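Written out below as structure tokens is the structure these notes cover.
Bear in mind the structure is a predicted one, so any value in this text is a computation, not a measurement.
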Amino acid sequence: MKIKFKLWVENEQGERIIGEGLLNLLLAIKETGSISKATKSLDISYRSAWGKLNKAETRLGYKLIDRKTGGKEGGGTKLTEAGENLLKKFDKLNDETEKKLENLFDEIFNSEK
């Protein structure tokens with residue numbers, strides 16, 4: 001047996017700010033430099049991605065991404081400093097939670113009592 005969990009962060013009104021979906025989207029945008037490429041790699045719709053981003057930005061009160069529209073040099077998207085910070089913090093929270101839960105699970109289910 002092993003433990004599984006889903007983690008997300010909500011605001012005071014109970015509205016989701018970030019969870020696995022937005023985490024993966026931000027990681028893919030960071031990796032690809034494009035919302036369009038990120039949505040293709042995650043197999044989600046462009047509209048869905050914008051919905052997640054807009055909701056999170058509205059609820060947080062700050063921008064997570066900077067968009068540069070196309071042209072001669074092409075467009076692109078990158079995370080803002082605040083977006084990078086949120087990504088790092090949530091990723092760390094997720095990793096630390098997973099470690100602690102695995103230890104607790106082992107203690108409870110794999111003890112010889």
Before giving the answer on side-chain contact (heavy atoms from CB on, under 4.5 Å), spell out for Leu64 and Leu22 the whole-Å C-alpha distance, their side-chain angles and the decisive distance to 0.1 Å.
CA-CA 11 Å; Leu64 297 174; Leu22 185 60; 4.2 Å; yes

Glu12 meets the side chain to side chain contact (heavy atoms under 4.5 Å, CB included) criterion, sequence neighbours left out, with none

| Are the side chain of Thr32 and the backbone of Ala28 linked by a donor-acceptor contact shorter than 3.5 Å? | yes

Show every donor-acceptor pair shorter than 3.5 Å between a side-chain atom in residues 99-106 and any protein atom, with sequence neighbours excluded, or say none if there are none.
from   : atom 1 : to     : atom 2 : distance (Å)
Asn103 : ND2    : Lys99  : O      : 3.4
Asp106 : OD1    : Asn110 : ND2    : 2.9

Residues Ala56 and Ile17: closest non-hydrogen pair is CB-O, 3.6 Å

Here the salt bridge (Lys or Arg N to Asp or Glu O under 4.0 Å) pairs for residues 41-58, sequence neighbours left out, are Glu57-Lys63

Atom pairs and distances, donor-acceptor, side-chain atoms in residues 87-95, under 3.5 Å, two or more places apart:
none

Would you list the atom pairs, donor with acceptor, under 3.5 Å between side chains in residues 3-10 and any protein atom, with sequence neighbours excluded?
from : atom 1 : to    : atom 2 : distance (Å)
Trp8 : NE1    : Glu10 : OE2    : 2.9

Is there a side-chain contact (heavy atoms from CB on, under 4.5 Å) between Leu53 and Ile29 once you walk through the steps? CA-CA 11 Å; Leu53 288 166; Ile29 290 170; 4.1 Å; yes

Correct closest heavy-atom pair for Tyr46 and Ser36 would be CE1-N, 3.9 Å

Quiz prompt | Neighbour count >12 (heavy atoms, 6.0 Å) for atom CD, Glu81 | solution = no

Nearest heavy-atom approach of Leu79 to Leu26 is CD2-CD2, 3.6 Å

From CA spacing to verdict: side-chain contact (heavy atoms from CB on, under 4.5 Å), Arg67, Ile35 = CA-CA 9 Å; Arg67 256 179 50 167; Ile35 294 174; 4.2 Å; yes

Residues 24-38 vs salt bridge (Lys or Arg N to Asp or Glu O under 4.0 Å), sequence neighbours excluded, gives Lys30-Glu84

Here the pair of heavy atoms bringing Thr39 nearest to Ser45 is CG2-O, 3.9 Å

